[in-house]
Trainee: 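Have a look at this one.
Labels below follow one simple rule: chain letters A, B, ... track the order of the sequence lines, proteins then strands, and each chain is numbered from 1. Just so it is clear, the values below take in all heavy atoms, side chains as well, and ignore hydrogens, waters and symmetry mates.
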Protein chains: 2
Amino acid sequence: MARETLNREQIVRAAIELLDAEGIEGLSMRKLGQRLGSAATAMYWHVGNKENLLVLAADEVWSEVRLPDVATVGWRTAARELMYAARELCDRHSWLVRVITSYAAAGEGLARFQERAYETFEAAGFRDADLDWAVSTPFMFVTGLAIMSSSDAAEVKKRAEQDAAAQPEQEAQAVAQMNALAAKYPRLGASMAAQAQRGQGFVEQVDEVFAFGVETILDGLTARLAGRSGASE
Amino acid sequence: MARETLNREQIVRAAIELLDAEGIEGLSMRKLGQRLGSAATAMYWHVGNKENLLVLAADEVWSEVRLPDVATVGWRTAARELMYAARELCDRHSWLVRVITSYAAAGEGLARFQERAYETFEAAGFRDADLDWAVSTPFMFVTGLAIMSSSDAAEVKKRAEQDAAAQPEQEAQAVAQMNALAAKYPRLGASMAAQAQRGQGFVEQVDEVFAFGVETILDGLTARLAGRSGASE
DNA sequence: ACCTGAACACCGTTCAAGT
DNA sequence: ACCTGAACACCGTTCAAGT
């Protein structure tokens, strides 16, 4: 616990702990300062500002991710493993996906991950601009799914349910609106009813949606490769 | 301009205007109150709180979206048009994608859109849980891409560049880091160099990435349909 | 080189009090 | 039923002053 001076690494580590524990809205410079036994404003010297601190934290966690060996498992398995690894990372650090604004603006941790992605899709047979696009497509899907299933989202939902439970009048109104929508939009209603009958909420379904989406995209990429001559090695 | 009392619709409309003009960080209850000529706290009676106001605003803009006629254009075209329409909506309202936490928690505007999506993928031949997943997959991709290319992201980037320009020392450091990454991660470096040579930044590429991703996913869904017996009508 | 404390300009939200 | 104003408990950030 004893330490001479603050440093950047230490601040980033503490920020990640706080983010993991309390989510993106739980991080404030004052709380972080308290955690580090410093004035809230001490961090500005080391990390510039809060936004930059978030970028540093995001890059740091990217380097946790385990990378497949493309040469031994083949491109399709490697691509699948990269997608699952990215999703798992977003799951473990629910705030990560909210920090990612642009993959381009990043450091060592993400670069390492991206390089392996390039290697993977190059092995598949993609070249030049096609290669860029093939790398991007799966990770836009992962990002979108992570946004939907981030625990921030889950927390918002839980809170909404608690509020509703606390105010039975509002709860009843929400149910009435749901029923009205289900009646007006029959396919949506049927899907909701089926999910309710299976006892599946969004959380249970999300793993299956992810698996479906991953295979769909891999199939789609395979189809694009097949649509060319001599593209695959 | 003269009006008797505030109402929910009016508040939501003003919020959308403010959000479109200044982005999600430009919306505050105080500014909104000012715009409406009311006390900042007057809105609480009508919309409960800020989060709920954002949800109402998001649902409102969803009803702007134009829906294709599945019966006349066929499922593949309809699916493509739904994806393009959703992306265009996210482009026009850069804050939308940041408000969407879960598609499930929504109202009339989104329900209308989703119903057409269900209709589209049902026409393609998907049923039951597969239908849910087929509907979800494209929109997770759209969401992910919208996140990356949201003008909030663009603004963050622009601001970073301005900061860098103002502080040439930092600028030089950033360039040095980029070069170091490009050297360490050759495929990434090659891609960056190629993009620079083509004079393409992220903004120019994103339309092409989107087009590629859309066709990839449509191909992937087609492949999944073909993998079954009698699934397609 | 590194840190503190006060200060500035904001936030969302509650709530008694008004009409 | 609807609105106001003051107040509370927060924010991120700057900057002079200290060591």
Trainee: Are a donor atom and an acceptor atom from the side chains of A/Tyr185 and B/Glu108 found within less than 3.5 Å of each other?
Mentor: yes
Trainee: Please give, in whole Å, the distance from D/dT4 C1' to B/Gln34 CD?
Mentor: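 Checked: the CD to C1' distance equals 15 Å.
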Trainee: Contact class for B/Leu32 (heavy atom, under 4.0 Å): base, sugar-phosphate, or nothing?
Mentor: nothing
Trainee: Going by an N to O cut-off under 4.0 Å, is there a salt bridge joining B/Glu115 and A/Lys184?
Mentor: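 A/Lys184 and B/Glu115: not salt-bridged.
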Trainee: Could you check which of C/dC2, C/dC3, D/dA7 has an atom nearest any side-chain atom of B/Arg30?
Mentor: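 Among C/dC2, C/dC3, D/dA7, the one nearest the side chain of B/Arg30 is D/dA7.
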Trainee: Would you mind reading off the distance between B/Glu22 atom CD and C/dC10 atom P, rounded to a whole angstrom?
Mentor: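 Answer to the nearest Å: 12 Å.
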Trainee: Look at the side chain of A/Asn49 and decide which nucleotide, out of C/dC3, D/dT13, C/dC2, has an atom nearest to it.
Mentor: D/dT13
Trainee: Is the phosphate of D/dA1, meaning OP1 or OP2, less than 4.0 Å from a side-chain N or O of B/His46?
Mentor: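 Answer no for this pair, as no side-chain N or O of B/His46 is under 4.0 Å from OP1 or OP2.
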Trainee: Check the distance between C/dT13's C1' and B/Leu53's CG and give it to me in whole angstrom.
Mentor: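 To the nearest whole Å, that distance equals 14 Å.
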Trainee: Over all strands shown, is A/Leu27 touching base, sugar-phosphate only, or nothing at heavy-atom distances under 4.0 angstrom?
Mentor: sugar-phosphate
Trainee: Please name the nucleotide paired to D/dA1 by Watson-Crick or G-U wobble geometry with both distances under 3.5 Å, or report none.
Mentor: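 Result: C/dT19.
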Trainee: Taking for each residue the nucleotide of DNA chain D bearing the nearest heavy atom, is the 5' side occupied by A/Lys31 or by A/Gly48?
Mentor: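 With A/Lys31 and A/Gly48 compared, the 5'-side residue is A/Lys31.
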Trainee: Assign the ring pair A/Phe113 / A/Phe139 to parallel, tilted or perpendicular, where the plane angle (0 to 90°) is split at 30° and 60°.
Mentor: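 Judged by the thresholds at 30° and 60°, the geometry between A/Phe113 and A/Phe139 is perpendicular.
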Trainee: Starting at atom NZ of A/Lys50, determine the distance to atom P of C/dC10, rounded to an integer number of angstrom.
Mentor: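 Distance check: A/Lys50 NZ to C/dC10 P gives 18 Å.
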Trainee: Heavy atoms from C-beta onward define the side chain here; which of C/dT14, C/dA6, D/dG12 lies closest to that of B/Thr41?
Mentor: C/dT14
Trainee: Do the side chains of A/Glu88 and A/Arg92 get close enough for a salt bridge, i.e. N-O under 4.0 angstrom?
Mentor: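 Salt bridge present between A/Glu88 and A/Arg92.
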Trainee: Just name whichever nucleotide pairs with C/dT13, Watson-Crick or G-U, keeping both distances under 3.5 Å, else none.
Mentor: D/dA7
Trainee: Rounding to an integer number of Å, can you tell me how far A/Met29 CE sits from C/dA7 P?
Mentor: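 Between P of C/dA7 and CE of A/Met29: 21 Å.
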Trainee: Which is true for B/Ser28 with a 4.0 Å heavy-atom rule: it touches a base, it touches only sugar-phosphate, or it touches nothing?
Mentor: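 Since only primed, P, OP1 and OP2 atoms lie under 4.0 Å of B/Ser28, the category is sugar-phosphate.
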Trainee: Let me know the distance between CE of B/Met43 and P of D/dC3, rounded to the nearest Å.
Mentor: 11 Å
Trainee: Whole Å only: how far is the CD atom of B/Glu25 from the C1' atom of D/dT13?
Mentor: 15 Å
